[in-house]
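To keep things clear, I will list the structure first and then write my remarks on it.
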Amino acid sequence: AGIAALLELARYFSLHPPKYSILFIAFGGHHQALTGSSWWATKYLRPPGDPNRNKTFEKNFIMQINLDLYTGTDIPYFTSYLGAWSINARPYWELGDLWERPAEYFRLVVEDVNKKKPEGLPEGGYKIRAMGGLYSYAGLILETEHPPTQPWKKFPYDHEPVLLIGMPAYTITTAFDNRPVYGEPFDTIDLVNFENLKTQLEIIRIFLVKLFNIPDKDYDYYIRELKEHLMTPRWLGYRTYDWCSVKGVVAKWSKRINDYVPVSNALVTFTCIGGREIGPFIYLRRFNFTDEYGRFEFTGGNQWDAIWELSAWKVDSIGNVIYAPDFGRRAWAPLIQNFAYRVNSLGVCDIGFLVIFKAASLVFYDVMSTTSLSLVVTETGIQYPVLTVYQSDVHLPPESFSYWQYGSDVAVINIPPDIPIEVLWKFGVERPPRGILANITLERPLGYGYKLKVGETLYFPFTSLLYA
């Protein structure tokens with residue numbers, strides 16, 4: 001619906017040029033932490049490390065209006081809510097009336113439309129709310145006059161990157177629409193209510209015509225004072241904190257030269273795994289590929305208490321892992337970090353080497369107690385299994401490995417190829433292991449270990465029945 005609206009509005013304004021020029025942009029990578037709109041904000045407005053870049057463009061930039069439309073109702077809604085980085089909105093609260101003025105302008109336009117509508121037609125956007133703090137903009141605070149506009153979900157919007165770097169940016173979205181099939185395979189074209197979309201577009205078009213031809217007197221009150229405040233040095237100080245660049249080099253250890261060697265075309269994932277007052281984690285994940293020198297960079301929103309997981313991989317043509325993150329003695333940068341504490345004054349964090357190694361994979365399902373075939377329960381609660389990997393011919397940890405566990409349901413251990421591996425597991429602070437997987441036979445009671453080739457994967461469907 002948003003792209004359809006964008007194209008229709010572009011067609012209209014190409015035939016009816018307004019007072020101000022307009023850029024129509026279709027952002028990609030929405031579900032990768034707003035990658036497309038983050039690139040736009042970095043490329044054209046304020047990149048980390050060079051906050052004075054594009055001063056001419058920044059001076060002429062007035063406002064970004066993002067469309068995030070659905071068709072469950074016919075009521076458009078004007079908001080500046082930060083769905084993905086909600087805690088970063090706090091500095092905006094001090095702007096008070098300045099920040100609310102564009103929303104107030106939207107409300108006045110809608111009220112004017114309702115006054116002039118032909119007799120018998122329903123009021124367009126009659127439940128628009130444009131007053132109150134940033135959270136009540138998005139209907140996340142209960143209101144006495146009518147139900148919340150977005151009752152149960154925090155949606156991120158593509159205006160957020162521009163907002164985070166300190167420029168006026170808002171979203172027009174659809175109010176009172178629960179979006180029950182959002183992100184589901186059932187979200188098909190037959191569920192689009194084109195009448196509701198038409199009503200929203202009619203209201204939005206009228207508002208944009210007014211906004212893009214706004215008289216100078218109204219521009220001074222509704223927009224200019226806000227923008228001038230956002231350009232002050234004190235305000236710009238907030239933005240280095242909120243907008244940063246995390247970069248590094250993916251490398252592997254070379255025994256031949258006894259040093260790290262960059263790895264090109266490696267997949268790098270950057271995922272938020274926790275933090276206070278963060279929006280849905282699904283929107284805080286990104287991926288990128290390294291260049292010919294192994295370099296990668298992620299630029300975008302951050303917050304001081306967000307915990308991020310950063311890892312690098314290489315896969316073959318059918319998806320088998322052939323290089324995995326190295327947790328062993330050659331590891332350099334920790335995979336889980338809080339980058340806010342490492343960002344320099346230019347808004348850049350260089351983590352150094354993200355090390356990977358040639359790998360095969362062991363996948364374990366249902367790792368439980370071998371006596372009860374269940375998890376262990378103690379006075380402190382449920383204990384989950386702890387797996388340890390050893391090189392079976394010497395019973396010491398291998399030089400390189402990585403380990404990923406999801407409760408007791410599944411664990412994945414990436415191991416070096418052509419080396420015999422054994423795996424032990426226990427619960428909590430137990431000293432002896434509950435089980436050992438070592439590829440044991442009657443002829444070899446200490447086991448052969450599991451020796452795999454690069455990219456090979458060995459599955460253990462019910463691990464607790466295979467132990468020694």
Side-chain angles (χ1 to χ4, degrees), residues 253 273-274 307 309 311-313 320-337 355-468:
W253 180 259
I273 60 174
I307 307 300
E309 182 178 88
S311 61
W313 308 79
N320 294 317
V321 174
I322 56 176
Y323 279 89
D326 197 339
F327 292 5
R329 70 184 74 170
R330 305 300 181 189
W332 183 290
L335 267 69
I336 297 176
Q337 300 191 33
V355 183
I356 60 178
F357 71 102
K358 277 189 177 181
S361 303
L362 300 174
V363 181
F364 304 93
Y365 296 98
D366 304 308
V367 182
M368 301 180 181
S369 167
T370 54
T371 55
S372 63
L373 296 183
S374 64
L375 296 177
V376 173
V377 180
T378 68
E379 60 274 11
T380 61
I382 296 176
Q383 302 295 313
Y384 287 94
V386 177
L387 282 73
T388 308
V389 57
Y390 292 105
Q391 188 171 323
S392 64
D393 52 354
V394 293
H395 305 293
L396 293 172
E399 181 177 300
S400 298
F401 70 95
S402 55
Y403 170 46
W404 315 86
Q405 183 172 344
Y406 306 91
S408 65
D409 296 331
V410 63
V412 179
I413 298 179
N414 302 113
I415 60 173
D418 304 316
I419 294 176
I421 295 295
E422 62 188 13
V423 177
L424 292 69
W425 75 91
K426 59 182 182 179
F427 293 83
V429 295
E430 294 177 339
R431 297 188 66 185
R434 288 291 182 116
I436 302 173
L437 286 174
N439 198 14
I440 293 170
T441 65
L442 292 176
E443 294 77 19
R444 187 155 182 163
L446 291 181
Y448 292 94
Y450 296 96
K451 186 184 295 187
L452 306 180
K453 300 294 183 183
V454 173
E456 188 177 357
T457 301
L458 181 60
Y459 297 92
F460 298 86
F462 200 88
T463 305
S464 299
L465 296 182
L466 303 172
Y467 76 101

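These numbers come from the heavy atoms of this one structure, side chains and all, not from hydrogens, waters or symmetry mates.
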side-chain contact (heavy atoms from CB on, under 4.5 Å) between V410 and V363, worked out: CA-CA 7 Å; V410 63; V363 181; 3.9 Å; yes
What's the separation between atom CD in E422 and atom OH in Y450, rounded to the nearest 0.5 Å? 10.5 Å
From K451 NZ over to E456 CD, what is the distance, rounded to the nearest 0.5 angstrom? 12.0 Å
Nearest 0.5 Å, what's the CD1-OG distance between I382 and S374? 9.5 Å
Test log, rule side-chain contact (heavy atoms from CB on, under 4.5 Å), inputs Y459 and L362: CA-CA 6 Å; Y459 297 92; L362 300 174; over 6 Å; no
Would you tell me whether N414 and S361 have side-chain atoms, one donor and one acceptor, within less than 3.5 Å of each other? yes
Hey, which of I413, I415, D393 is the one that makes side chain to side chain contact (heavy atoms under 4.5 Å, CB included) with I421? I415
Only one of Y323, W404, F357 forms a ring-ring contact (aromatic ring centres under 6.0 Å, His included) with W313, so which one is it? W404
Measure the shortest side-chain to side-chain distance between W425 and P433 over non-hydrogen atoms and say whether it is less than 4.5 angstrom. no
Has N439 got a side-chain atom pairing as donor or acceptor with G449's backbone, closer than 3.5 angstrom? yes
In sequence, state the C-alpha distance, the side-chain angles, and the governing distance for K358 and V454, and then conclude on side-chain contact (heavy atoms from CB on, under 4.5 Å). CA-CA 7 Å; K358 277 189 177 181; V454 173; 4.3 Å; yes
Sub-3.5 Å donor-acceptor pair from the side chain of W253 to the main-chain atoms of S400, do we have one? no
How far does CZ of F462 sit from CE of M368, to the nearest 0.5 angstrom? 5.0 Å
Working note: L387 + V367, criterion side-chain contact (heavy atoms from CB on, under 4.5 Å); need CA distance, chi angles, decisive distance, verdict. CA-CA 9 Å; L387 282 73; V367 182; 4.1 Å; yes
CD of Q391 to CD1 of I419: how many Å apart, nearest 0.5 Å? 5.0 Å
Any donor-acceptor pair under 3.5 Å linking the side chain of Q405 with the backbone of P385? yes
Under 4.0 Å between a side-chain nitrogen and a carboxylate oxygen: does that hold for D418 and K453? yes
Taking atom OG of S392 and atom CD1 of I440, what is their separation to the nearest 0.5 Å? 10.0 Å
What one should report as the nearest heavy-atom pair of D366 and P461 is OD2-O, 3.7 Å
Could you tell me if the side chain of L452 sits less than 4.5 Å from the side chain of P417, heavy atoms only? no
Only pairs at least two apart or in different chains count here, so list each ring-ring contact (aromatic ring centres under 6.0 Å, His included) that has a residue in residues 363-389. F364-F460
Shortest non-hydrogen contact between R434 and F427, atoms and distance: CG-CD1, 3.7 Å
Residues, nucleotides or ligands: over 12 heavy atoms within 6.0 Å of K426 NZ: yes
Where do G455 and N320 come nearest, in terms of heavy atoms and distance? O-CB, 3.3 Å
